[in-house]
Amino acid sequence: MKKIGSLVLSCMICMFFGQTTTVEYDFKVNIYQPYVFPAKLSLGTNGNVKYTVLYGIAGQVKNSGAYGNSLVDRSYYEYILFTNKQNPYYIIKDKISRKEYVFKDTKHKIQYVHKNDKKEVDGKLLSSVTIEFRGRKYTIWYDAQSKIKTGPWKFSSPPGLVYEAYDDTGTYRWELKSVNKSKEIVKNTIDSHDFLAYTEYPILKYGLSSQFKKDGSTDHNTRIEQDRTSLETKFEWEN
């Protein structure tokens, strides 16, 4: 993180040249053991926004026989989240149990709670906010002076450029790596017109809906829902 301030500053000089701003993050996930995945947020002047994460743990598994590691998918796949200014929803391509799905999720207005905490990173004074979103609490550090006001994943419309974001359990963390400009045109690369409502996501991801649990309550075989270790653990329609 020490070199981020000077790196971002040099990139800001040419901020208005080119069509697309690309913000890269290290996305760190600590489930069973820590993993790091490259995440990229592309902001087009056409209003298109695309966030991607390249998942794949080949070479990152320290103990292949450790609990859980033998069951982890070692293949690579790209998570894609796309939206634009016109649409009040996200289009998301994700992989669950080695099968790809395309979802449509409503955009939520994030309520940022401003804190008095400050910290300096290589000459940049960062401010902090906290949010609660779908079962997790996050702390976000951002540069309020930046002309770029953006953040990874579904952290839409933050009060500045997000440098760090992490949940209070230490499971998920984003750290900014670079900001660049390019001639790339941001497009929706998800080739599907058959979208699943996002209400299907927890059913597919975690295994059991409330009705499925109720229907299976008298079965002799125990039905166990998967641990909710993903970014989203609680959903507004489950209340």
Side-chain angles (χ1 to χ4, degrees), residues 8 11-25 27 37-54 78-94 100-114 126-134 136 138-165 172 174-201 230-232 235-237:
V8 172
C11 293
M12 294 297 183
I13 297 175
C14 59
M15 191 178 77
F16 292 105
F17 296 93
Q19 294 177 320
T20 296
T21 301
T22 300
V23 185
E24 295 185 328
Y25 292 91
F27 179 42
F37 307 109
K40 183 171 71 173
L41 180 65
S42 299
L43 310 168
T45 55
N46 56 4
N48 289 349
V49 178
K50 183 166 72 172
Y51 170 75
T52 63
V53 180
L54 182 60
E78 188 177 43
Y79 170 96
I80 301 175
L81 180 149
F82 178 84
T83 189
N84 55 40
K85 291 182 178 179
Q86 290 73 38
N87 293 330
Y89 54 81
Y90 298 110
I91 299 172
I92 300 168
K93 186 177 79 170
D94 201 355
E100 287 189 350
Y101 295 91
V102 177
F103 299 97
K104 184 180 288 187
D105 185 21
T106 302
K107 288 181 184 177
H108 288 76
K109 185 176 182 180
I110 302 294
Q111 299 295 326
Y112 294 98
V113 179
H114 291 263
L126 303 183
S127 304
S128 68
V129 291
T130 59
I131 66 170
E132 293 187 25
F133 181 67
R134 285 184 174 165
R136 292 191 182 274
Y138 298 92
T139 297
I140 295 175
W141 291 92
Y142 66 96
D143 177 13
Q145 302 304 313
S146 174
K147 294 181 180 180
I148 303 173
K149 300 186 183 301
T150 191
W153 191 47
K154 298 178 182 178
F155 301 142
S156 61
S157 302
L161 175 62
V162 174
Y163 273 63
E164 299 177 16
Y172 294 99
W174 290 263
E175 293 181 357
L176 187 146
K177 290 180 61 181
S178 66
V179 180
N180 297 288
K181 299 295 293 186
S182 74
K183 297 289 186 180
E184 174 191 2
I185 299 176
V186 180
K187 297 179 180 180
N188 179 14
T189 57
I190 301 175
D191 186 19
S192 176
H193 298 285
D194 186 18
F195 305 118
L196 290 177
Y198 210 64
T199 51
E200 296 296 311
Y201 175 82
S230 295
L231 279 167
E232 296 161 299
F235 301 86
E236 55 275 13
W237 57 84

**Asked** When you look at E24 and S178, which way does the side chain to side chain donor-acceptor pair (under 3.5 Å) test go after all the steps?
**Response** CA-CA 5 Å; E24 295 185 328; S178 66; 3.0 Å; yes

**Message:** Using the side-chain hydrogen bond (donor to acceptor under 3.5 Å, both in side chains) criterion, which residues pair with Y201? Sequence neighbours excluded.
**Reply:** none

**Asked** Distance from S156 atom OG to I110 atom CD1, nearest 0.5 Å?
**Response** 5.0 Å

**Request:** Please identify each residue that fulfils side-chain hydrogen bond (donor to acceptor under 3.5 Å, both in side chains) with Y25, with sequence neighbours left out.
**Result:** none

**Request:** Please report the closest heavy-atom contact between V186 and L43, naming both atoms and the distance.
**Result:** CG2-C, 4.1 Å

**Prompt:** Would a 4.5 Å heavy-atom cut-off, applied to side chains only, mark E200 and Y101 as touching?
**Reply:** no

**Message:** Distance check, rounded to the nearest 0.5 Å: E236 atom CD versus Y198 atom OH?
**Reply:** 10.0 Å

**Asked** Sequence neighbours excluded, which residues qualify as salt bridge (Lys or Arg N to Asp or Glu O under 4.0 Å) partners of E78?
**Response** none

**Asked** Is there any salt bridge (charged side-chain N to carboxylate O under 4.0 Å, His left out) pair reaching into residues 184-193, and which pairs are they, with sequence neighbours excluded?
**Response** none

**Prompt:** Minimum heavy-atom separation for V162 to E164, with atom names?
**Reply:** CG1-O, 3.5 Å

**Message:** Measuring from atom NZ of K50 to atom CD1 of I80, what distance do you get when rounded to the nearest 0.5 angstrom?
**Reply:** 6.0 Å

**Message:** Less than 4.5 Å apart, side chain to side chain, heavy atoms only: is that true for N188 and N48?
**Reply:** no

**Request:** Test side-chain contact (heavy atoms from CB on, under 4.5 Å) on D194 and V102 and set out the steps.
**Result:** CA-CA 7 Å; D194 186 18; V102 177; over 6 Å; no

**Request:** Starting from the C-alpha separation in whole Å, work towards a yes-or-no answer on side-chain contact (heavy atoms from CB on, under 4.5 Å) for T21 and T150.
**Result:** CA-CA 10 Å; T21 301; T150 191; over 6 Å; no

**Message:** side-chain contact (heavy atoms from CB on, under 4.5 Å), that's the test. Do V113 and V129 meet it? Break it down for me.
**Reply:** CA-CA 5 Å; V113 179; V129 291; 5.9 Å; no

**Item:** Nearest atoms (heavy-atom pairs only) where I140 meets A165
**Value:** CG1-CB, 3.9 Å

**Message:** Within the supplied structure, the quantity of interest is the number of heavy atoms (other residues, nucleotides, ligands) at a distance under 6.0 Å from Q145 CD; does it exceed 12?
**Reply:** no

**Asked** Between K107 and T83, do the side chains contain an N or O donor and an N or O acceptor separated by less than 3.5 Å?
**Response** yes

**Asked** Do you know which of F155, F133, Y112 makes ring-ring contact (aromatic ring centres under 6.0 Å, His included) with Y138?
**Response** F155

**Message:** Let me confirm one number: the CD-CD1 distance from E100 to I190, rounded to the nearest 0.5 Å.
**Reply:** 10.0 Å

**Request:** Starting at OG of S42, measure out to CD1 of I185 and round the result to the nearest 0.5 Å.
**Result:** 12.5 Å

**Request:** Applying salt bridge (Lys or Arg N to Asp or Glu O under 4.0 Å), name anything that partners D105, two or more places apart in sequence or on another chain.
**Result:** R134, K154

**Request:** Please test Y79 against L81 for side-chain contact (heavy atoms from CB on, under 4.5 Å), starting from the C-alpha separation and ending with a verdict.
**Result:** CA-CA 7 Å; Y79 170 96; L81 180 149; 3.7 Å; yes

**Message:** If you compare all heavy atoms of G151 against all heavy atoms of P158, which two are closest, and at what distance to 0.1 Å?
**Reply:** N-CG, 3.7 Å

**Fill in**
What one should report as the nearest heavy-atom pair of A39 and F27 is CB-CB, 4.1 Å

**Asked** If you look at every heavy atom in T20 and G44, which pair is closest and at what distance?
**Response** OG1-CA, 4.1 Å

**side-chain hydrogen bond (donor to acceptor under 3.5 Å, both in side chains) involving K149 - partner list, sequence neighbours excluded** = none

**Message:** Quick check for you: to the nearest 0.5 Å, what is the distance between I92 atom CD1 and F82 atom CZ?
**Reply:** 12.5 Å

